[in-house]
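Computed over heavy atoms, backbone and side chain alike; hydrogens, waters and symmetry mates excluded.
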Amino acid sequence: MKIELKKWTEENKNDLIRICNSVDRKYLTGRLPYPYTEESANWWYENVVSGDGKNGIFRSVAVDSIIVGSISVEQKSDIYIKDTEIGYMLLSEYHGKGIMTEATRQICKLAFVELDIERITGNVFSPNIASQKVLLKNNFELEGIMKKAIYKNGNIADLHIYGKCKA
């Protein structure tokens with residue numbers, strides 16, 4: 001199984017739409033539109049093109065050349081300018097195969113080289129054990145837990161904050 005990160009292209013917009021409409025949204029931000037339309041993909045793609053390598057790294061996750069997910073590291077602003085936040089999503093049928101662990105390894109390496117940053121932060125819903133394991137396997141450290149910090153779909157959850165600093 002070959003896992004690689006690829007820059008998003010206009011030709012991949014339908015893959016983005018397919019993934020965003022098919023992915024399990026249980027632990028994703030509420031900012032991701034649903035249904036995810038061509039208009040949503042166009043807006044996101046324009047931001048990716050203008051920001052990639054400047055204030056973030058945005059990549060598709062491909063397994064054996066098939067796009068099955070998305071991963072990004074986005075730089076924060078103001079006094080947090082040296083910090084970024086990692087985010088990712090993967091189609092459910094690809095869970096549990098080490099794909100996101102490898103994608104995270106690759107994007108962290110890329111982000112520390114291409115961006116003027118000192119750290120990468122991962123914010124994870126407390127019940128999302130799989131995502132916590134992805135970060136731990138990539139040498140992120142649990143830095144704290146914000147109690148009752150997330151409200152989604154009528155449920156309140158704790159937020160686990162992970163960090164990885166530039167070596």
Would you say [X]'s side chain and [Y]'s backbone share a donor-acceptor pair under 3.5 angstrom?
X    : Y    : result
D24  : K26  : yes
Q132 : H160 : no
S22  : I19  : no
E118 : C165 : no
K137 : E102 : no

Please check if the number of heavy atoms outside [X] that lie under 6.0 Å from its [atom1] is greater than 12.
X    : atom1 : result
K133 : NZ    : no
K109 : NZ    : no
E141 : CD    : no
E143 : CD    : yes
E39  : CD    : no

Measure the shortest side-chain to side-chain distance between [X] and [Y] over non-hydrogen atoms and say whether it is less than 4.5 angstrom.
X    : Y    : answer
E38  : K13  : no
K2   : D64  : yes
D52  : R59  : yes
F58  : S70  : no
L90  : V23  : no
E4   : S65  : yes
I150 : I156 : no
V134 : F140 : no

List the atom of [X], the atom of [Y], and the distance in Å for their closest heavy-atom pair.
X    : Y    : value
Y36  : C20  : CG-CB, 3.4 Å
D15  : R18  : OD1-NH2, 3.1 Å
I81  : Q75  : O-NE2, 2.7 Å
V73  : A111 : CG1-CB, 4.0 Å
A62  : K6   : CB-CE, 4.1 Å
L135 : G122 : CD1-CA, 4.1 Å

Lys/Arg-Asp/Glu bridge criterion (N-O < 4.0 Å) met for K148, D158: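 Salt bridge between K148 and D158, a charged N being under 4.0 Å from a carboxylate O: no.
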Enter the distance from [X]:[atom1] to [Y]:[atom2] here, rounded to the nearest 0.5 Å.
X    : Y    : atom1 : atom2 : answer
L159 : N128 : CG    : CG    : 11.0 Å
S131 : N123 : OG    : CG    : 10.0 Å
N55  : T84  : CG    : OG1   : 11.0 Å
L110 : L5   : CG    : CG    : 7.5 Å
I117 : E74  : CD1   : CD    : 12.0 Å

In terms of hydrophobic clusters joined by side-chain contacts under 4.5 Å, are [X] and [Y] together?
X    : Y    : answer
Y34  : I17  : no
I107 : M89  : yes
Y88  : I66  : yes
Y94  : I129 : no
V48  : L32  : yes

The single option from I71, T121, V124 passing side chain to side chain contact (heavy atoms under 4.5 Å, CB included) against I86: I71
Any donor-acceptor N or O pair under 3.5 Å, side chains K164, N139: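 Their side chains do not contain a donor-acceptor pair, so the 3.5 Å distance test is not met.
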T104 vs T101, side chain to side chain donor-acceptor pair (under 3.5 Å): CA-CA, chis, key distance, verdict: CA-CA 5 Å; T104 298; T101 298; over 6 Å; no
M1 and I99: CA distance, side-chain angles, deciding distance, side-chain contact (heavy atoms from CB on, under 4.5 Å) verdict: CA-CA 9 Å; M1 174 170 56; I99 295 166; 4.0 Å; yes
